[in-house]
Student: 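My questions all concern the structure below.
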Amino acid sequence: MSRTPEARAPEARDPESVYARVREEVAARADLLWDVGLALHREPETAYEEHGASRLLADELEREGFRVERGVAGLPTAFAARAGRSGGGEGGTAGGRPCVALLMEYDALPLLGHACGHNLIAAAGLGAALAARAALGEGGDGTGGTLLAVGAPAEERGGGKVAEVAAGLFEGVDAALMFHPGVYDWRWAPLTASAQIRVGFHGRAAHPTGSPTEGIDALGALIQLFNALGVLHKRLPSGSHVQGIVTDGGRATNIVPEYAEGLFGLRGGTTAALEELVEELRTCARGVALATGTTVEVTDAAGRYEHFRDNDVLSGLFAGHLERSGITLSEPVAGVYLGSSDIGNVSTRVPAIHPFLAIMGADGSDHTPEFAEAAAGPRARRAMLAAAEALACTAVDVLLRPDVPERAWDRFREKAAAGL
């Protein structure tokens, strides 16, 4: 299966010839990549428990010459695999520039398995990394660049990429590339910023009949917060919303609850909009506490996901390569948002892409049993292989065409300055 990369490097400087080699390499590995995708699908592992998936992917990369570091960013199921003339370690690539990162997600959903298709993200990222290295040769065909394959656990809960960003794993990276299966063929992902906020009210317990005036009803305060947020929700901008649940409402009906707690999911069209919404929630909670005689605590329940900043230089290149497979990507429908992801935290630090490729019709939805079934179907195989090829070719662009990382960074800075 594996070819010797160095043996093919001398004629690899022309990007068109490298694209052709990439297509050959992906085709040669098609069955292997699909077997990997199906293996992950058969044995779904949820956030931070993806030991089998992480081992399978890291082993394949190591087998084909990548230098693999396991357990990066303090996460046992995360890894970073490098190919290039310079080595690297945790806390930054410490390799040659340019550096392109190919991202793999592989966590599943509780009870639903791979109903978000992360088995396909993993297989495509693996295929892109193997094909790009084989086509370019170790050391990026003499560019001195670095090819980085990143194993990113826990996208569905907690955010492995949040921890990897904090650990400096993406320092020195010029492009972060991945794809996501879905129900649309879209060039980029309209993904919002999100936060999980815990609100706890403290009151005073009492018997509701025997000493009703002694109680301070913490649950009543929490209910008032829901009411206040209902009013707030009516004036939120597009892409922003608040959804809450009661996680602690008391212990018995004959005791005034001395403590009540809610968990709130907040989303904002941009990271700045999310921060404003968090502050509005905090203000509402303090106002309710003042009005009800309770005290309140407002805390983050998990790491925050930032909004996704598409790099249209890179996503345009990806879309062009994808057309060779007969898939044409369109712009997202205005005003439609597809949730949140920790790729946002990467995209606000380095140029990144996160296109969607459909594996079922637009009348379907991810996070459903039907989508989980589709993630192991023939359309999923075609999308995964097409994505692997286009991702690898886009990585080649970054490594072989000096204008690409330069233009990508220029566009990144323009969007950052505009708050996009």
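Note that this is a predicted model, so its numbers are computed, not measured. The figures that follow rest on heavy atoms only: side chains count, while hydrogens, waters and symmetry mates do not.
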Student: Using side-chain contact (heavy atoms from CB on, under 4.5 Å), reason through Thr292 and Ile216 one step at a time and then give a plain yes or no.
Tutor: CA-CA 8 Å; Thr292 58; Ile216 299 177; 5.8 Å; no

Student: Please assess Glu60 against Arg29 for the test salt bridge (Lys or Arg N to Asp or Glu O under 4.0 Å), listing each intermediate value before the final yes or no.
Tutor: CA-CA 12 Å; Glu60 288 292 342; Arg29 293 171 170 83; over 6 Å; no

Student: For the side chain of Glu45 and the backbone of Ala53, is there at least one donor-acceptor N/O pair under 3.5 Å apart?
Tutor: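 Answer holds: yes.
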
Student: Under a plain distance cut-off of 3.5 Å, with no hydrogens placed, do Asp366 and His180 share a side-chain donor-acceptor pair?
Tutor: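 Distance-only check fails for His180 and Asp366.
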
Student: Could you check if a side-chain atom of Val398 sits within less than 4.5 angstrom of a side-chain atom of Leu314, using non-hydrogen atoms only?
Tutor: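 Yes. Closest side-chain heavy atoms under 4.5 Å.
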
Student: Within a reach of under 6.0 Å around CD of Glu43, are more than 12 heavy atoms found that belong to other residues, nucleotides or ligands?
Tutor: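 Counting neighbours around CD of Glu43, 12 or fewer heavy atoms of other residues, nucleotides or ligands fall under 6.0 Å, so no.
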
Student: Go through the steps for Arg407 and Val404 under the test side-chain contact (heavy atoms from CB on, under 4.5 Å), then give the verdict.
Tutor: CA-CA 5 Å; Arg407 289 190 295 119; Val404 169; 4.0 Å; yes

Student: Can you check whether Ala154's main-chain N or O pairs, donor with acceptor, with Glu50's side chain at less than 3.5 Å?
Tutor: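 Yes; judged by distance alone, with no hydrogens or angles, the pair exists.
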
Student: So, does His118 use its side chain to make a donor-acceptor pair with the main chain of Asp107 at under 3.5 Å?
Tutor: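 It does hold such a pair.
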
Student: If only atom types and distance count, is the side chain of Asn119 paired as donor or acceptor with the main-chain N or O of His41 below 3.5 Å?
Tutor: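 Flag not set: sc Asn119 to bb His41 has no pair under 3.5 Å.
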
Student: Do Val313 and Pro351 touch side chain to side chain, with heavy atoms closer than 4.5 Å?
Tutor: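 A side-chain contact is absent here, since even the closest heavy-atom pair is not under 4.5 Å.
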
Student: Between CH2 of Trp34 and CE of Met384, what distance do you get to the nearest 0.5 Å?
Tutor: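 Between atom CH2 of Trp34 and atom CE of Met384 there are 6.0 Å.
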
Student: Pair His367, Glu156 - check side-chain contact (heavy atoms from CB on, under 4.5 Å), show working.
Tutor: CA-CA 11 Å; His367 289 216; Glu156 296 290 355; 3.4 Å; yes

Student: Below 4.5 Å, heavy atoms only, C-beta onward: do Leu400 and Val18 meet side chain to side chain?
Tutor: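 Touching, per the 4.5 Å side-chain cut-off.
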
Student: Strictly under 6.0 Å, is that where the ring centroids of Tyr337 and Phe308 end up?
Tutor: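 No.
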
Student: Closest heavy-atom contact between Leu120 and Phe179?
Tutor: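 Result for this residue pair: O-CE2, 3.6 Å.
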
Student: Quick check on side-chain contact (heavy atoms from CB on, under 4.5 Å): which of Glu105, Glu164, His51 does Pro153 satisfy it with?
Tutor: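 Exactly one candidate clears the test, Glu164.
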
Student: Quick one: does any side-chain atom of Tyr305 pair with a main-chain N or O of Glu155 as donor and acceptor, under 3.5 Å?
Tutor: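 The answer is yes, because a donor-acceptor pair under 3.5 Å joins these two groups.
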
Student: Considering non-hydrogen atoms only, spot the tightest contact between Ile359 and Pro181 and give its length.
Tutor: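 The answer is CG2-CB, 3.9 Å.
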
Student: Once you round to the nearest 0.5 Å, how far does CG of Asp185 lie from OG1 of Thr328?
Tutor: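 With rounding to 0.5 Å, CG (Asp185) is 8.0 Å from OG1 (Thr328).
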
Student: Does the side-chain contact (heavy atoms from CB on, under 4.5 Å) test come out yes or no for Val150 and Phe79, once each step is laid out?
Tutor: CA-CA 6 Å; Val150 178; Phe79 63 84; over 6 Å; no

Student: Under 3.5 Å, is there a donor-acceptor pair between the side chain of Ser340 and the main chain of Thr192?
Tutor: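 Such a contact is found between Ser340 side chain and Thr192 backbone.
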
Student: Give, for atom CG of Leu317 and atom CD1 of Ile353, the distance between the pair rounded to the nearest 0.5 Å.
Tutor: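 Interatomic distance, Leu317 CG to Ile353 CD1, rounded to 0.5 Å: 8.5 Å.
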
Student: Counting C-beta onward and ignoring hydrogens, is there a side-chain heavy-atom pair between Leu109 and Cys116 closer than 4.5 Å?
Tutor: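 They are in side-chain contact.
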
Student: Would you find more than 12 non-hydrogen atoms of other residues, nucleotides or ligands less than 6.0 Å from Glu280 atom CD?
Tutor: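 Counting other residues, nucleotides and ligands, CD of Glu280 exceeds 12 neighbours.
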
Student: Do the rings of Tyr19 and His321 sit parallel, tilted or perpendicular, given the 30° and 60° boundaries?
Tutor: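 Rings of Tyr19 and His321: perpendicular, as their planes differ by over 60°.
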
Student: What distance do Arg282 atom CZ and Leu277 atom CG have between them, rounded to the nearest 0.5 Å?
Tutor: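 Separation between the atoms: 11.5 Å.
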
Student: Arg70 and Ser54: side-chain donor and acceptor closer than 3.5 Å?
Tutor: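 On atom types as modelled, these side chains do not qualify, holding no pair under 3.5 Å.
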
Student: Between atom NE2 of His354 and atom CG of Leu191, what is the distance when rounded to the nearest 0.5 Å?
Tutor: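 Output value for this atom pair is 5.5 Å.
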
Student: Kindly give the heavy-atom pair with the smallest separation between Leu357 and Ile327, and that separation in Å.
Tutor: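 Closest heavy-atom pair between Leu357 and Ile327: CD2-CD1, 4.2 Å.
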
Student: Within the side chain of Asp410, is there an N or O that forms a donor-acceptor pair under 3.5 Å with the backbone of Phe412?
Tutor: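 Pair absent, no side-chain N/O of Asp410 close to backbone of Phe412.
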
Student: Using a 4.5 Å cut-off on heavy atoms from C-beta on, say whether the side chain of Ile197 contacts that of Asp300.
Tutor: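 Side-chain contact under 4.5 Å: yes.
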
Student: Using a 3.5 Å distance criterion without hydrogens, assess whether the side chain of Glu370 forms a donor-acceptor pair with backbone atoms of Gly364.
Tutor: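 Absent.
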
Student: With Thr271, which of Glu306, His307, Arg309 fulfils side-chain hydrogen bond (donor to acceptor under 3.5 Å, both in side chains)?
Tutor: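 The residue from Glu306, His307, Arg309 that satisfies side-chain hydrogen bond (donor to acceptor under 3.5 Å, both in side chains) with Thr271 turns out to be His307.
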
Student: Just wondering, do Arg157 and Thr46 contact through their side chains at under 4.5 Å, heavy atoms?
Tutor: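 Of all side-chain heavy-atom pairs linking Arg157 with Thr46, none is under 4.5 Å.
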
Student: Is a side-chain donor or acceptor of Arg23 paired with a backbone partner of Glu389 at a separation under 3.5 angstrom?
Tutor: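 Not at all, since once roles are kept as given, no pair shorter than 3.5 Å links the two residues.
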
Student: Taking all non-hydrogen atoms of both residues, which atom of Leu57 and which atom of Ala122 are closest, and how far apart?
Tutor: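 Heavy-atom minimum between the residues: CD1-CB, 3.9 Å.
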
Student: Inspect the contact between Arg198 and Glu261 and indicate whether a charged nitrogen and a carboxylate oxygen are less than 4.0 angstrom apart.
Tutor: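 Salt bridge present between Glu261 and Arg198.
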
Student: Taking the side chain as everything from C-beta on, heavy atoms only, tell me whether Lys161 gets closer than 4.5 Å to Asn345.
Tutor: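 No, their side chains stay 4.5 Å or more apart.
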
Student: Give the ring-plane orientation class for Tyr184 versus Trp186, where under 30° counts as parallel, over 60° as perpendicular and anything between as tilted.
Tutor: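 Correct class here is parallel.
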
Student: Of the non-hydrogen atoms in Phe318 and Ala390, which two are nearest, and what is the gap between them?
Tutor: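 Heavy atoms only, the tightest pair is CE1-CB, 3.4 Å.
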
Student: Between Arg55 and Asp59, does a salt bridge (Lys or Arg N to Asp or Glu O under 4.0 Å) hold up when you go through it step by step?
Tutor: CA-CA 6 Å; Arg55 182 168 55 251; Asp59 286 351; 5.2 Å; no

Student: Which atom pair, heavy atoms only, marks the closest approach of Gly159 to Tyr48?
Tutor: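 Heavy-atom minimum between the residues: N-OH, 3.7 Å.
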
Student: Looking at Leu111, I'd like to know if its CG atom is crowded, meaning that more than 12 non-hydrogen atoms belonging to other residues, nucleotides or ligands lie closer than 6.0 Å.
Tutor: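 No - once you tally the heavy atoms of other residues, nucleotides and ligands closer than 6.0 Å, there are 12 at most.
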
Student: So do the side chains of His202 and Glu297 get within less than 4.5 Å of each other, counting heavy atoms only?
Tutor: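 Of all side-chain heavy-atom pairs linking Glu297 with His202, at least one is under 4.5 Å.
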
Student: For Glu214, is there any backbone N or O sitting under 3.5 Å from a side-chain donor or acceptor partner on Arg204?
Tutor: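 Yes: the side chain of Arg204 pairs with the backbone of Glu214.
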
Student: Between side-chain atoms of residues 375-383 and protein atoms elsewhere (two or more places apart, or another chain), which donor-acceptor pairs fall under 3.5 Å?
Tutor:
unit_1	atom_1	unit_2	atom_2	d
Arg379	NE	Ala358	O	3.4
Arg381	NH2	Asp31	OD1	3.0

Student: Taking atom CZ of Arg304 and atom OG of Ser194, what is their separation to the nearest 0.5 Å?
Tutor: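 One gets 10.0 Å once the value is rounded to the nearest 0.5 Å.
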
Student: Take a 6.0 Å sphere around CD of Gln243 and say whether it holds more than 12 heavy atoms from other residues, nucleotides or ligands.
Tutor: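 Atom CD in Gln243 is not packed in, count stays at 12 or less.
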
